[in-house]
Amino acid sequence: MTVVTRFAPSPTGFLHIGGARTALFNRFYARRYGGKFLLRIEDTDRARSTEAAKQAILEGLQWLGLEWDGEPVYQSARAERHAAVARALLDAGGAYRCYCSPEELAAMREAARKRGGGRLYDGTWRDRDPAEAPEDVAPVVRLKAPLDGETVIDDAVQGRVAVRNDQLDDMVLLRADGTPTYMLSVVVDDHDMDITHIVRGDDHLTNAFRQTQIYRALGWEAPAFAHIPLIHGPDGAKMSKRHGALGIEAYRDMGFPAEAVCNYLARLGWSHGDDEIFSMTEAAGWFDLKDIGRSPARFDLAKLTSLSAHYIREMADTRLAGLIEPPLAARLGAPLTALQRARLVAGLPGLKPRARTLVDLAEAALFYCRPRPLQPDAKAAKLLDGAGRERLALARAALAGIAGWSAESAETAVRAAAEAAGEKLGALAQPLRAALTGSTVSPGIFEVLDVLGKAESLGRIDDSLERAAG
RNA sequence: GACCCCAUCGUCUAGCCAGGUCAGGACGUCACCCUUUCAAGGUGAAAACACGGGUUCGAAUCCCGUUGGGGUCACCA
């Protein structure tokens with residue numbers, strides 16, 4: 001049997017962190033067993049589904065690198081098939097028409113609450129003679145669910161879970177307007193798409209019982225279920241808009257590389273021994289449902305950030321440059337010139353270990369690309385006053401005499417100048433840093449000198465010297 | 001409220017199924033080292049089996065209960 005998994009988001013909002021992880025696990029599982037990973041857009045709620053949300057989901061998946069197999073299936077396009085299945089079930093006696101009014105239903109719900117649980121729907125029309133049907137009421141179609149016994153699902157994550165059938169009522173399959181409900185559509189689609197494993201959030205666990213009853217009524221074999229615990233916000237509460245439930249693109253915009261987000265998400269609820277940092281290919285090779293935990297996890301931005309820093313450090317310079325060029329150009333107000341790009345790539349090795357996100361990195365890289373004269377920040381400006389200016393002049397003189405410009409030769413020259421002046425290296429390095437970068441924080445100063453080149457370096461130093469003099 | 005699920009450092013987790021380890025790792029925190037700033041890196045430290053009963057020579061591991069957290073209870077998906 002070929003494994004077929006699916007991710008089935010409803011396009012009523014962005015792709016959130018939990019959905020992304022669900023998609024990731026489904027993809028891992030399909031890859032692990034050489035199967036297929038399908039995408040189904042559950043857009044049957046026309047009132048709430050939006051084109052923008054659909055795009056956000058597709059783009060989010062693509063950004064994360066979670067490509068699906070084949071074309072996405074749109075649930076709304078299959079409504080006629082869903083309804084036909086329900087009508088066939090009706091003809092076979094596995095379902096019936098119910099003419100209850102919303103008021104009657106509300107009363108039943110109230111009665112059930114007073115009773116302290118159990119079935120909501122009291123079965124009024126289950127065995128009633130259809131001849132008694134009121135003529136002016138459009139009926140819904142309900143499943144004739146089993147009254148006693150229990151419905152059991154053997155969940156790959158949760159284990160065997162059983163619910164007594166007297167807790168489950170006759171769910172609506174077809175609305176009064178003839179459109180199928182979610183519960184029916186999901187079952188028909190999963191069946192028609194040959195889904196073998198349904199990996200989804202814990203919040204669907206109770207739906208699994210209802211769906212199992214539909215499968216049974218239809219005489220279809222249910223797929224295997226794996227209900228993964230939800231991701232909670234940092235405070236332990238359910239992820240909601242108030243509690244850090246952002247769209248995946250928000251994390252992209254915060255500067256987290258996609259591989260860091262994937263790696264982080266993979267470790268939330270799933271583990272492979274003590275492995276923390278791994279590629280998605282490795283994870284797919286290791287992945288199995290039995291290694292998914294049963295308890296919910298809290299979202300921890302600090303750990304994501306540390307993974308982000310790791311992937312930035314490890315990333316190839318040219319690729320990294322490509323990722324931060326757009327925001328850099330935006331800050332500069334112009335596209336990068338070849339010279340700026342060359343300096344950027346050359347400066348990246350020193351910049352990388354100092355950045356935690358791509359946003360940090362772009363910000364820190366700005367000084368390599370800024371045109372002269374640089375505008376020093378307040379702390380840097382202070383380093384260029386009085387004594388600092390004199391030491392800077394000392395450093396300039398030492399630098400100006402260098403024949404073969406390199407990080408090493410610059411270091412030799414500046415160290416010698418510091419020693420001659422009876423100063424510590426830092427006394428010359430900090431003013432130099434302020435002049436060269438406009439800041440008090442930067443990569444190693446000799447590396448900066450090297451990347452900038454002799455002419456640009458001396459030019460920036462002179463800019464500072466002149467500013468301090470004037 | 002009813003039904004269902006869960007419970008190891010602050011967080012993510014290994015260990016649990018097939019009881020015997022100083023309960024391991026990672027993030028974060030703290031200290032020290034390195035050092036031209038800031039990072040990175042290195043070394044080290046503090047930090048957990050929710051509670052109560054069993055079963056057993058022995059329980060984080062098996063059983064029951066309590067407490068705490070979570071999910072679901074629509075003609076939404």
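Just the heavy atoms: all of them, side chains too, but no hydrogens, waters or symmetry mates, feed the values below. Note on naming: letters A, B, ... go to the chains in the order of the sequence lines (proteins, then strands), and numbering restarts at 1 for each one. Values in this document were obtained by computation on a predicted structure and should not be read as measured data.
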May I ask you to say what [X] touches in the nucleic acid, namely base, sugar-phosphate or nothing, with a heavy-atom cut-off under 4.0 Å?
X        : value
A:Glu276 : base
A:Leu120 : sugar-phosphate
A:Ala302 : sugar-phosphate
A:Ala427 : nothing
A:Ile445 : base
A:Thr44  : sugar-phosphate
A:Gly444 : base
A:Leu105 : base
A:Met171 : nothing
A:Pro102 : nothing
A:Leu205 : sugar-phosphate
A:Asn207 : base
A:Phe209 : nothing
A:Val161 : sugar-phosphate

According to a strict under-4.0 Å criterion, is [X] in side-chain N/O contact with OP1 or OP2 of [N]?
X        : N     : answer
A:Arg267 : B:A26 : no
A:Thr440 : B:U37 : no
A:Thr12  : B:A77 : no
A:Arg109 : B:C75 : yes
A:Arg415 : B:U36 : yes

Practice prompt. Return the value, rounded to whole Å, for the distance between atom CG of A:Leu230 and atom P of B:C6.
Written response: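 For the pair A:Leu230 CG and B:C6 P, the rounded distance is 14 Å.
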Discussion item. With hydrogens left out and only the distance checked, is there a donor-acceptor pair under 3.5 Å joining A:Arg433's side chain and the base of B:U36?
Written reply: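 By the distance-only test, yes, there is a pair.
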Worksheet item: For the residue pair A:Phe287 and A:Phe28, does the interplanar ring angle fall in the parallel (under 30°), tilted (30 to 60°) or perpendicular (over 60°) class?
Response: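 It falls in the tilted class, 30° to 60°.
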Item to complete: Kindly assign one of parallel, tilted or perpendicular to the pair A:Phe256 and A:Tyr251, based on the angle between their ring planes and the thresholds 30° and 60°.
Response: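 Tilted.
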Would you measure the distance from the [atom1] atom in [N] across to the matching atom in [M] and give it in whole Å?
N     : M     : atom1 : value
B:A45 : B:C57 : P     : 38 Å
B:C16 : B:A7  : P     : 14 Å
B:G44 : B:G25 : P     : 10 Å
B:C34 : B:A48 : P     : 32 Å
B:A39 : B:C30 : P     : 11 Å
B:A18 : B:U13 : C1'   : 22 Å

Worksheet item: Less than 4.0 Å between a side-chain N and a carboxylate O, is that true for A:Asp385 and A:Lys382?
Response: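 Salt bridge between A:Lys382 and A:Asp385, a charged N being under 4.0 Å from a carboxylate O: no.
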Fill in: Pairing partner (Watson-Crick or G-U wobble, both distances under 3.5 angstrom) of B:A46
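By the stated definition (distances under 3.5 Å), nothing pairs with B:A46.
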Practice prompt. Could you let me know what B:C27 is paired to, Watson-Crick or G-U wobble, both distances under 3.5 Å, or none if it's on its own?
Written response: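 Its partner is B:G10 (Watson-Crick or G-U wobble, both distances under 3.5 Å).
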Worksheet item: On RNA chain B, nearest-nucleotide positions of A:Pro9 versus A:Arg313: which is more 5'?
Response: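 Of the two residues, A:Arg313 wins.
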Worksheet item: Between A:Asp274 and A:Ser442, which has a closest nucleotide on RNA chain B that is more 5'?
Response: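 Residue closer to the 5' terminus by nearest nucleotide: A:Asp274.
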Worksheet item: Will you find, in the side chains of A:Arg210 and A:Gln213, an N or O donor that is under 3.5 Å from an N or O acceptor?
Response: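 Absent: no donor and acceptor within the cut-off.
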Item to complete: Determine whether the side chains of A:Ser442 and A:Arg433 contain a donor N or O and an acceptor N or O closer than 3.5 Å.
Response: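 Yes, side-chain donor-acceptor contact under 3.5 Å.
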Practice prompt. Give a yes or no on whether the ring-centroid distance for A:Tyr29 and A:His197 is below 6.0 angstrom.
Written response: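 Yes, they do, as the ring centres are separated by less than 6.0 Å.
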Worksheet item: Are any side-chain N or O atoms of A:Arg40 and backbone N or O atoms of A:Pro72, one a donor and one an acceptor, separated by less than 3.5 Å?
Response: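 No; judged by distance alone, with no hydrogens or angles, the pair does not exist.
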